[in-house]
Number of protein chains: 2
Amino acid sequence: MADHDDVRTRTDDVRTRILDAAEKLFYERGIQAVGMDELRTAAGVSLKRLYGTFPAKHDLVEAYLRRRDEHWRASLAAYVDAHSGTPGAAPLAVFDWLETWFAAPDFRGCAFINAYGELGATSEGVGRVTREHKLALRTYLADLVRPLAATASDEAAGPGGVTTVLAGQLALLIDGAITAAAVTGDPAAARTARAAAEALVRGVGGGRTGV
Amino acid sequence: MADHDDVRTRTDDVRTRILDAAEKLFYERGIQAVGMDELRTAAGVSLKRLYGTFPAKHDLVEAYLRRRDEHWRASLAAYVDAHSGTPGAAPLAVFDWLETWFAAPDFRGCAFINAYGELGATSEGVGRVTREHKLALRTYLADLVRPLAATASDEAAGPGGVTTVLAGQLALLIDGAITAAAVTGDPAAARTARAAAEALVRGVGGGRTGV
DNA sequence: TAGTGTAGAGAACGATCGTTCTCTTGGGAA
DNA sequence: TTCCCAAGAGAACGATCGTTCTCTACACTA
């Protein structure tokens, strides 16, 4: 039993160290710009162990994106949970979180959009993970705006419903803000997006709910 | 004189053929995925002429992005000019143009965002051209929404003015729609963005102009 | 203690990249 | 016709990539 635990933690530790190094280097400089040898050095792992854990580079890339998706969404959700007193504040808290992210010194845009622009045409796996990430974000946003729908019957309205439409619009603002902040380096894109989101949310909460 | 014309047209033709091939291949498959040799074959140009016209690959990449910026914005402006009867229709025509672009079979997202995700961390030139492209788009959008500002005095209000803010918001929707359409493959992102833009524009044109 | 197997270090391999060089060919000037 | 230069075709070069293989050293078992 103790042996198994040791092996397990040792294995997990190696996997984590590799993914940590991959996340830092891939996100910072791009995927194709980072070689497996540099990655091995950064992770402090032998080349044999590296290839034993991830049989090929594209497996590592996919694992990197999947773990980043989990962490990114968990971090967002934790912030929103902590900063949304009223239901109306929740969707706007998303943009406050974005601003803190944009201001981080290592911010370099959306890891998924970057990876998609780099490898989306070649690697099917990158396209799939990126799609799943964006869809999960939209689903999360729909959960946030659902309480704001004027009529409770809208909750099950489906694709044409107010919640789905508004969630889609907020998702566009988020992606736009991320790319704008990455290109210009100015975190203020989050506030611009927040102001737009406020107007869109107000349009739903008010009397005029027609779409 | 005739000689000079011949040389000039011949030279321009070579340059154009190279840029045509570069645009097709770089946009379709990514920049790093296309080698200079394949590019030479596609352009029907000798390797010597290729390097005589563009001393290095990054020069060709930058020229590709610059020409694409010109063509892209010219195509957008032509469509908006032709489809904006009233001043209020002009900003929305932008999103109609986006939808036709998204539906094109070779659509693969924003060439600049793709290039930035791939080389932005390495190449300063790519970052610069991308920044200029996005700034030019914002300036164009500001020109489109300026007539909608409720008070004429806002025209010279500067960064905090209604036109600048609204133009920035529309730019976020545009970038978001482009990436969403690229990732999901669904041109409907343009309509979602258009609906959001409509709401934002209405907020300015109506009585409530406070920001 | 002798034997065994596992893992680390890094050399090696084949492919491919951006770039340069060589060889050849063809057309215009004297 | 003879010379010469420009240009095309593609071989060659050095670097680097992802991936595999070899060699060594060490820990554990009988």
Side-chain angles (χ1 to χ4, degrees), chain A residues 1-19 21-22 25-26 28-65 115 118-119 121-126, chain B residues 1-19 21-22 25-26 28-65 115 118-119 121-126:
Chain A
M1 180 66 131
D3 290 31
H4 284 84
D5 275 0
D6 277 6
V7 170
R8 171 59 80 102
T9 54
R10 170 76 70 95
T11 302
D12 280 6
D13 183 53
V14 165
R15 201 184 153 86
T16 300
R17 282 218 313 273
I18 295 174
L19 285 174
L25 293 176
F26 286 163
E28 183 174 299
R29 309 220 313 267
I31 294 170
Q32 305 195 71
V34 176
M36 294 295 270
D37 205 67
E38 182 177 5
L39 227 147
R40 169 201 77 150
T41 303
V45 166
S46 81
L47 217 46
K48 185 179 285 185
R49 247 206 204 284
L50 178 53
Y51 275 93
T53 311
F54 299 101
K57 189 181 185 179
H58 69 259
D59 295 315
L60 174 56
V61 170
E62 232 178 281
Y64 145 63
L65 289 176
E118 194 173 349
L119 300 170
T122 310
S123 158
E124 178 49 40
V126 169
Chain B
M1 179 70 127
D3 288 32
H4 284 85
D5 276 2
D6 277 9
V7 170
R8 170 59 78 102
T9 55
R10 168 76 69 94
T11 302
D12 279 7
D13 183 55
V14 165
R15 202 185 152 86
T16 300
R17 283 219 310 274
I18 294 174
L19 285 174
L25 293 176
F26 284 163
E28 184 175 298
R29 310 220 311 267
I31 292 170
Q32 303 194 74
V34 175
M36 294 296 270
D37 205 67
E38 180 178 7
L39 228 146
R40 170 201 77 149
T41 304
V45 165
S46 82
L47 216 46
K48 186 180 286 185
R49 247 207 207 282
L50 177 54
Y51 275 94
T53 311
F54 298 101
K57 188 181 187 180
H58 68 260
D59 296 314
L60 175 54
V61 170
E62 231 177 281
Y64 145 64
L65 289 177
E118 193 174 350
L119 301 170
T122 310
S123 158
E124 178 48 41
V126 169

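FYI, side chains are in, hydrogens and waters are out, and symmetry mates aren't considered; it's all heavy atoms of this structure. Quick note on labels: first sequence line is chain A, next is B, and so on, each numbered from 1.
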R29(B) CZ to dT16(C) C1', straight-line distance once rounded to whole Å: 14 Å
Separation of atom CD1 in I31(B) from atom P in dC17(C), rounded to whole Å: 15 Å
Evaluation steps, side-chain contact (heavy atoms from CB on, under 4.5 Å), between T53(A) and V45(A): CA-CA 10 Å; T53(A) 311; V45(A) 166; 6.0 Å; no
Protein proximity profile, nucleotides 19-27 of chain C - base contact B, sugar-phosphate-only contact S, no contact -, cut-off 4.0 Å on heavy atoms: BB-B-----
Euclidean distance, atom CG of residue L50(A) to atom P of dC17(D) [Å, nearest integer]: 14 Å
For F54(A) against A63(A), the heavy-atom pair lying closest together: CE2-CB, 3.6 Å
Criterion side-chain contact (heavy atoms from CB on, under 4.5 Å) on F26(A) and L60(A), from CA distance to verdict: CA-CA 10 Å; F26(A) 286 163; L60(A) 174 56; 4.2 Å; yes
From CD1 (I18(A)) to CZ (R49(A)), nearest 0.5 Å: 8.5 Å
Atom-to-atom span, CG of L25(B) to P of dC17(C) - whole angstrom: 13 Å
Upstream residue (5' side of DNA chain C) when A33(B) and S46(A) are each assigned their closest nucleotide: S46(A)
Gap between atoms CZ and C1', on R40(B) and dG10(D) respectively (whole Å): 7 Å
side-chain hydrogen bond (donor to acceptor under 3.5 Å, both in side chains) partners of E28(A), counting only residues at least two apart: K24(A)
Residues 30-44 of chain B side chain polar contacts: donor-acceptor under 3.5 Å, at least two apart:
unit_1	atom_1	unit_2	atom_2	d
E38(B)	OE1	R29(B)	NH2	2.9
E38(B)	OE2	R29(B)	NH1	3.0
E38(B)	OE2	R29(B)	NH2	3.2
T41(B)	OG1	D37(B)	O	3.1

